Participant: 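Let me give you the structure first, and then I'll get to my questions.
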Amino acid sequence: MRALGGEPINGLLAIHKPLGMVSKDVSRWLTKRVGPLKLGHAGTLDPAASGVLPILLGRVTRLQDYLMELPKTYEFEVEFGQETSTLDSEGEVIHRGSYSHLDEKCLREALEAFKGTISQIPPRYSAVKYQGKPLYQYARQESHNRSAVVGLDEAIIKNLKRTVEVYSYSLLRWEPPRGFFRVHCSKGTYVRCLARDLARSVGTFGSVTQLIRTYASGLPLEQCLTLEEIEERCGTSTSDVIDPRLLFRSNLSKLVLPLDSLEFGVPRWAPIDQQMILRLTQGQHVMVGWDQFRNELSDQGSVSLKDRGFKEKCFEGITPVIVLTDNGRTIGIANAMAHQGGQVTLKLKRGL
């Protein structure tokens with residue numbers, strides 16, 4: 001993508017996705033105003049959800065897979081006493097149950113079972129694929145023709161269960177029949193399933209009625225712009241602009257976050273020997289002593305090497321680090337692995 005002055009735009013546009021749109025709708029909204037451009041987004045959001053949607057531009061699209069792997073935070077409302085076909089407010093009520101026995105103490109105690117490594121059975125309305133087709137297509141077929149045999153029973157769905165990590169899960173407030181929760185979790189976690197399974201664990205049913213993603217790809221919601229804010233800052237109503245898309249592009253470049261300013265939750269490594277960077281960009285492995293490697297590392301934002309046990313993680317397996325040149329330019333993300341002999345091997349995973 002090139003702005004008005006011809007300079008390429010490489011970075012991240014932090015968008016607060018509104019309700020009623022899917023992630024691809026936001027991409028289409030953007031390309032309609034600036035013309036064709038290379039972009040991607042780190043993580044999808046359903047129409048019934050809002051919140052952080054990172055839009056990647058230019059070379060930063062190469063980091064899409066990595067950014068999607070980072071933890072996410074959601075705040076959501078659960079209505080207890082009923083469960084819908086979609087596990088949110090979009091579906092039909094299929095189960096009802098009493099919630100009069102619930103209180104804050106009961107819910108807080110039940111949350112403990114959903115922290116750490118857990119297994120989730122995906123919702124019938126989800127993008128998880130079976131025989132090459134997403135589950136929601138089978139579910140829609142069943143909904144349109146209840147006598148149809150679509151080859152998807154509960155046993156099959158249970159076999160599609162996945163393992164996810166829930167780092168924290170808390171009750172924010174209880175206003176019967178609604179509970180308000182916050183969860184910090186790994187990629188692939190279904191919040192609707194958390195709500196369903198929590199409700200069933202306390203002897204009732206529940207569905208998500210509001211969902212907002214408040215943190216993703218190292219970005220808090222407060223740092224995101226709404227589409228209206230982007231339109232206001234980048235658009236023009238003057239009639240003397242030959243192509244308003246050019247002005248929109250130029251203004252958009254001022255809103256894009258450069259890669260160097262993003263906090264990915266991993267340390268930065270700036271080797272003194274710049275030949276190492278050349279070798280990394282050529283696809284080679286490089287090896288450096290642990291002491292030197294540690295001295296060339298720096299904490300990033302709220303990430304503390306000591307608190308995160310970086311050395312221990314490095315010896316346990318592959319750990320990502322952001323690689324910087326001597327002038328502070330980010331060249332990509334490398335995998336680091338320490339060996340018992342006191343050496344660290346690095347290989348560039350995503351280059352820019």
Side-chain angles (χ1 to χ4, degrees), residues 17-23 25 43-51 72 74-102 106-107 110-111 113-114 118-130 133-162 164 166 169 171-183 185 188-214:
K17 188 196 83 70
L19 294 172
M21 298 178 74
V22 296
S23 303
D25 291 335
T44 59
L45 282 174
D46 294 332
S50 63
K72 301 171 177 62
Y74 299 88
E75 292 185 5
F76 58 103
E77 175 189 277
V78 178
E79 182 174 353
F80 290 91
Q82 63 178 32
E83 182 178 306
T84 68
S85 56
T86 57
L87 302 181
D88 59 22
S89 57
E90 302 291 308
E92 300 177 359
V93 177
I94 56 176
H95 299 298
R96 294 187 186 275
S98 174
Y99 60 85
S100 59
H101 60 289
L102 300 183
C106 166
L107 292 172
L111 289 175
F114 296 93
I118 65 171
S119 294
Q120 285 192 319
I121 298 173
R124 298 183 76 85
Y125 283 86
S126 67
V128 175
K129 290 187 177 181
Y130 171 68
K133 191 165 68 171
L135 295 184
Y136 65 78
Q137 291 188 9
Y138 293 100
R140 288 172 181 170
Q141 186 177 348
E142 290 176 342
S143 177
H144 293 155
N145 184 359
R146 298 189 182 279
S147 64
V149 178
V150 298
L152 188 67
D153 56 27
E154 290 299 323
I156 292 175
I157 295 179
K158 287 182 180 179
N159 286 333
L160 298 175
K161 67 180 179 181
R162 59 175 62 180
V164 298
V166 176
Y169 191 3
L171 174 66
L172 301 179
R173 64 184 187 275
W174 170 237
E175 298 174 359
R178 293 178 172 84
F180 299 82
F181 301 87
R182 178 186 293 124
V183 64
C185 54
T189 304
Y190 278 105
V191 175
R192 288 176 292 158
C193 291
L194 287 176
R196 173 197 64 194
D197 298 342
L198 172 64
R200 292 183 179 183
S201 74
V202 293
T204 186
F205 299 101
S207 293
V208 173
T209 47
Q210 292 182 25
L211 173 64
I212 182 167
R213 186 158 66 193
T214 58

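Model, not experiment: these values are computed from the prediction. The first residue in the sequence is number 1, and the count goes up from there.
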Participant: Over all heavy atoms of both residues, which pair between Val208 and Val191 is shortest? Give the atoms and the distance, please.
Facilitator: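 Shortest heavy-atom separation between Val208 and Val191 comes out as CG2-O, 4.2 Å.
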Participant: Do the side chains of Phe181 and Leu111 get nearer than 4.5 Å, heavy atoms only?
Facilitator: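 Leu111 vs Phe181: side chains touch.
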Participant: Would you call Leu194 and Tyr74 a side-chain contact if the rule is heavy atoms closer than 4.5 Å?
Facilitator: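 The answer is no; the side chains never approach within 4.5 Å.
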Participant: Has the side chain of Arg196 got a donor or acceptor atom that lies under 3.5 Å from a matching backbone atom of Leu87?
Facilitator: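 No.
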Participant: Taking all atoms of both residues into account, what is the closest heavy-atom pair of Phe76 and Ala195, and its distance?
Facilitator: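 Smallest heavy-atom distance, with atoms named: CE1-CB, 4.5 Å.
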Participant: On a heavy-atom basis, which atom in Pro18 and which in Ser50 lie closest, and how many Å separate them?
Facilitator: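 Closest heavy-atom pair between Pro18 and Ser50: C-CB, 4.2 Å.
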Participant: Tell me whether Gln120 contacts the main-chain N or O of Tyr190 through its side chain, where contact means a donor paired with an acceptor under 3.5 Å.
Facilitator: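 Between the backbone of Tyr190 and the side chain of Gln120 there is a qualifying donor-acceptor contact (under 3.5 Å).
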Participant: For Cys106 versus Val202, what's the shortest heavy-atom pair and its separation?
Facilitator: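 Nearest heavy atoms, Cys106 then Val202: SG-CG1, 3.8 Å.
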Participant: Can you tell me how far CD1 of Ile94 sits from OG of Ser207, rounded to the nearest 0.5 angstrom?
Facilitator: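 If we round to the nearest 0.5 Å, Ser207:OG and Ile94:CD1 are 7.5 Å apart.
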Participant: Go through the steps to decide whether Arg182 and Thr214 satisfy the test side-chain contact (heavy atoms from CB on, under 4.5 Å), and finish with yes or no.
Facilitator: CA-CA 9 Å; Arg182 178 186 293 124; Thr214 58; 5.5 Å; no
Participant: Under the side-chain contact (heavy atoms from CB on, under 4.5 Å) rule, collect the residues that match up with Arg96, sequence neighbours excluded.
Facilitator: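 For Arg96, the residues satisfying side-chain contact (heavy atoms from CB on, under 4.5 Å) (neighbours in sequence not counted) are Gln82, Val93.
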Participant: Who pairs with Ser23 by side-chain contact (heavy atoms from CB on, under 4.5 Å), at least two apart in sequence or on another chain?
Facilitator: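 Ser23: side-chain contact (heavy atoms from CB on, under 4.5 Å) contacts with His41, Thr44, Leu45, Leu53.
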Participant: State which residues pass side-chain contact (heavy atoms from CB on, under 4.5 Å) with Ser201; sequence neighbours excluded, sorted by chain then number.
Facilitator: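 By the side-chain contact (heavy atoms from CB on, under 4.5 Å) rule, Ser201 matches Ala110, Phe114, Leu198.
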Participant: Look only at the side chain of Ser85 and the backbone of Glu92, and say whether a donor-acceptor pair between them is shorter than 3.5 Å.
Facilitator: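 Answer holds: yes.
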Participant: What ring-ring contact (aromatic ring centres under 6.0 Å, His included) pairs are there with at least one residue in residues 194-214, not counting sequence neighbours?
Facilitator: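 Output for this query lists His95-Phe205.
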Participant: Please find the pair of heavy atoms, one from Tyr99 and one from Pro176, that lie closest to each other, and give the distance.
Facilitator: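 Taking every non-hydrogen atom into account, CE1-CB, 4.4 Å.
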Participant: Would you find a donor on one side and an acceptor on the other, under 3.5 Å apart, between the side chain of Thr204 and the backbone of Ser98?
Facilitator: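 Checking the backbone N and O of Ser98 against the side chain of Thr204, a donor-acceptor pair under 3.5 Å is found.
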Participant: Roughly how far, to the nearest 0.5 Å, is CZ of Arg192 from CG of Asp46?
Facilitator: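 Atom-to-atom, Asp46:CG and Arg192:CZ are 5.5 Å apart.
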Participant: With a 4.5 Å heavy-atom cut-off, do Thr189 and Val183 have their side chains touching?
Facilitator: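 Not touching, per the 4.5 Å side-chain cut-off.
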Participant: Sequence neighbours excluded, which residues qualify as side chain to side chain donor-acceptor pair (under 3.5 Å) partners of Ser119?
Facilitator: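 With sequence neighbours excluded, Ser119 shows a side chain to side chain donor-acceptor pair (under 3.5 Å) to no residue whatsoever.
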Participant: Any side-chain heavy-atom pair from Asp88 and Leu211 closer than 4.5 angstrom?
Facilitator: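 Result no, sub-4.5 Å side-chain heavy-atom pair not found.
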Participant: Got a sec, which pairs hit salt bridge (charged side-chain N to carboxylate O under 4.0 Å, His left out) with one end in residues 76-86, sequence neighbours left out?
Facilitator: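 Salt bridge (charged side-chain N to carboxylate O under 4.0 Å, His left out) check on residues 76-86 returns Glu77-Arg178, Glu79-Arg178, Glu83-Arg200.
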